[in-house]
Q: 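Please read through the structure below; I'll follow up with questions.
Every heavy atom of this structure was used, including side-chain atoms; hydrogens, water molecules and symmetry mates were not. Chain letters run A, B, ... following the sequence lines, proteins first, then strands; residues in each count from 1. A quick note: this is a predicted structure, and the numbers were derived from the prediction, not measured.
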Number of protein chains: 2
Amino acid sequence: MLYYGMMDKPIALSIFESLSSATRLDVFRLLVKKGPEGMVAGEIGAALEVPPTNLSFHLKALTHAGLVSVAQEGRYQRYRANMALMVDLIAYLTAECCAGHPEQCAGMAEAGACLDAVCGPARAMQ
Amino acid sequence: MLYYGMMDKPIALSIFESLSSATRLDVFRLLVKKGPEGMVAGEIGAALEVPPTNLSFHLKALTHAGLVSVAQEGRYQRYRANMALMVDLIAYLTAECCAGHPEQCAGMAEAGACLDAVCGPARAMQ
DNA sequence: TCCATAATACAACATTTATTGAATTATTGA
DNA sequence: TCAATAATTCAATAAATGTTGTATTATGGA
């Protein structure tokens, strides 16, 4: 079940900050691609050719924002993407869309907008 | 109709960079709230208490990323949010989820993930 | 135990981004 | 036309981020 309401401005900001670096966006997309299996830090570094020190810096930012989770496996650290947070984020951005009159959203930009466009009318707040 | 495929890494990056500033996130959310009506620059600056010079700097970044559109009205510049781009962005992030086996996504993080979780199975690529 | 490996923490430096004030462009109304 | 307003551009400064090398912590295997 999706729970819209966990998100607030500081969290949204830290998510956007986290994904605003090319390195971190690469890391997150790689982990999304890997799915539940995840990857240990060394594998990520090798795949993206990022030096260990620098990778630690970026993984810390992603972890702090909640975009990735980390689990210790012996001397390895396994990282996994948290896609659910992205879903919450979009819900947050669209929550007050058109001042509560989302039927107006048809007129916004090139395509439909608001939560209807994301999930369909029946799925909002589901 | 949503068209998944307009998004690429540089565009995704510029969107995240755009929304990684508190001022720009405030501006974008305010414009989403306003809907198709939009707001002129001066109104935005007054509402958020951002000096004109600084606001121009941030509006330029949002416009360049495609998150807002701008239309001239006499000596005013009217800005509107482009929600559709956010929908595309999520589709981009989830496109290669779980290496093409999105049924694995149930195991990711706290909630469902991938496009199914965003739009429901029937809506993917619709 | 001892050495090699995985990963992170810290500090110095380099780079990028944000903010401010002054000047510029363009439009409206008297 | 001329003064006032809306908004931007530009240049200088301030602040935040990213990167690198060295040192540290902790685990696993010989």
Side-chain angles (χ1 to χ4, degrees), chain A residues 9-31 34 37-82, chain B residues 9-31 34 37-82:
Chain A
K9 192 173 140 189
I11 295 176
L13 208 47
S14 79
I15 293 172
F16 286 124
E17 281 167 359
S18 286
L19 296 177
S20 69
S21 132
T23 300
R24 289 193 296 263
L25 183 56
D26 286 342
V27 170
F28 183 71
R29 294 219 303 145
L30 185 59
L31 290 176
K34 273 286 174 178
E37 182 192 352
M39 291 175 85
V40 299
E43 290 174 333
I44 299 170
L48 302 178
E49 298 183 80
V50 179
T53 301
N54 194 17
L55 184 62
S56 273
F57 170 80
H58 290 299
L59 284 172
K60 191 178 175 185
L62 286 166
T63 306
H64 188 259
L67 280 164
V68 305
S69 64
V70 58
Q72 185 156 5
E73 290 183 5
R75 56 180 156 174
Y76 300 89
Q77 301 287 118
R78 183 167 298 271
Y79 289 89
R80 294 181 177 90
N82 177 11
Chain B
K9 192 173 139 188
I11 295 177
L13 207 47
S14 77
I15 293 173
F16 286 123
E17 281 168 358
S18 286
L19 295 178
S20 69
S21 131
T23 300
R24 289 192 297 264
L25 183 57
D26 286 342
V27 169
F28 183 71
R29 294 217 304 143
L30 184 59
L31 290 175
K34 273 285 174 176
E37 180 192 352
M39 290 175 85
V40 299
E43 290 175 333
I44 300 169
L48 302 178
E49 299 185 79
V50 180
T53 301
N54 194 17
L55 183 62
S56 273
F57 170 81
H58 289 299
L59 284 172
K60 192 178 174 184
L62 286 166
T63 305
H64 188 258
L67 280 165
V68 305
S69 64
V70 58
Q72 185 157 5
E73 290 184 5
R75 57 180 155 174
Y76 300 89
Q77 301 287 119
R78 183 168 297 271
Y79 289 89
R80 294 181 177 90
N82 178 11

Q: Picking from dG18(D), dA18(C), dT9(D), which would you name as closest to the side chain of Phe57(A)?
A: dG18(D)
Q: Taking all heavy atoms of Leu30(A) and all of Ala47(A), pick out the closest pair and write down the distance.
A: CD2-CB, 3.9 Å
Q: How many Å lie between CD on Glu43(A) and C1' on dA6(C), as a whole number?
A: 12 Å
Q: I need the CD-P distance between Glu17(A) and dT17(C), as an integer number of Å.
A: 13 Å
Q: State whether Tyr79(B) places a side-chain N or O below 4.0 Å from either non-bridging phosphate oxygen (OP1 or OP2) of dT8(D).
A: yes
Q: From CG of Leu48(B) over to C1' of dT19(C), roughly how many Å is that when rounded to an integer?
A: 16 Å
Q: Looking at every heavy atom in both Val50(B) and Leu55(B), which two are closest together, and how far apart are they?
A: CG1-N, 3.7 Å
Q: Identify whether any heavy atom of Arg78(B) sits under 4.0 Å from a base atom; if not, whether one sits that close to sugar-phosphate; answer base, sugar-phosphate or nothing.
A: nothing
Q: Taking Ser56(A) for its side chain and Thr53(A) for its backbone only, find out whether a donor-acceptor pair lies under 3.5 Å.
A: no
Q: Quick one: Asn54(B) CG to dT8(D) P, roughly how many Å, whole number?
A: 12 Å
Q: Which nucleotide in the set dT8(C), dT19(D), dT20(D) lies at the smallest distance from any side-chain heavy atom of Leu59(A)?
A: dT8(C)
Q: Could you state the atom-to-atom distance from CD of Glu49(B) to C1' of dT19(C) in whole Å?
A: 16 Å
Q: Provide, to the nearest angstrom, the distance between the CZ atom belonging to Arg75(A) and the P atom belonging to dG29(D).
A: 7 Å
Q: In whole Å, what is the span from the OH atom of Tyr76(A) to the P atom of dT25(D)?
A: 21 Å
Q: Look at the side chain of Thr53(A) and the base of dA9(C), then say whether one donor and one acceptor between them are separated by less than 3.5 Å.
A: yes
Q: Please indicate whether Glu73(A) has more than 12 foreign heavy atoms, meaning atoms of other residues, nucleotides or ligands, lying under 6.0 Å from its CD.
A: yes
Q: Taking the nucleotide of DNA chain D with the closest heavy atom to each, which residue, Pro51(A) or Leu55(B), is nearer the 5' end?
A: Leu55(B)
Q: Hunt down the Watson-Crick or G-U wobble partner of dA30(C), both distances under 3.5 Å, from any strand shown, or write none.
A: dT1(D)
Q: So do Leu59(B) and Val70(B) actually touch side chain to side chain, heavy atoms under 4.5 Å?
A: no
Q: Check this one for me: any side-chain N or O of His58(A) less than 4.0 Å away from OP1 or OP2 of dT19(D)?
A: yes
Q: Which one, dT20(D), dT8(D), dG18(D), comes nearest to the side chain of Ser21(A)?
A: dG18(D)
Q: Can you tell me the distance, in whole Å, between the CD atom of Gln72(A) and the P atom of dT25(D)?
A: 16 Å
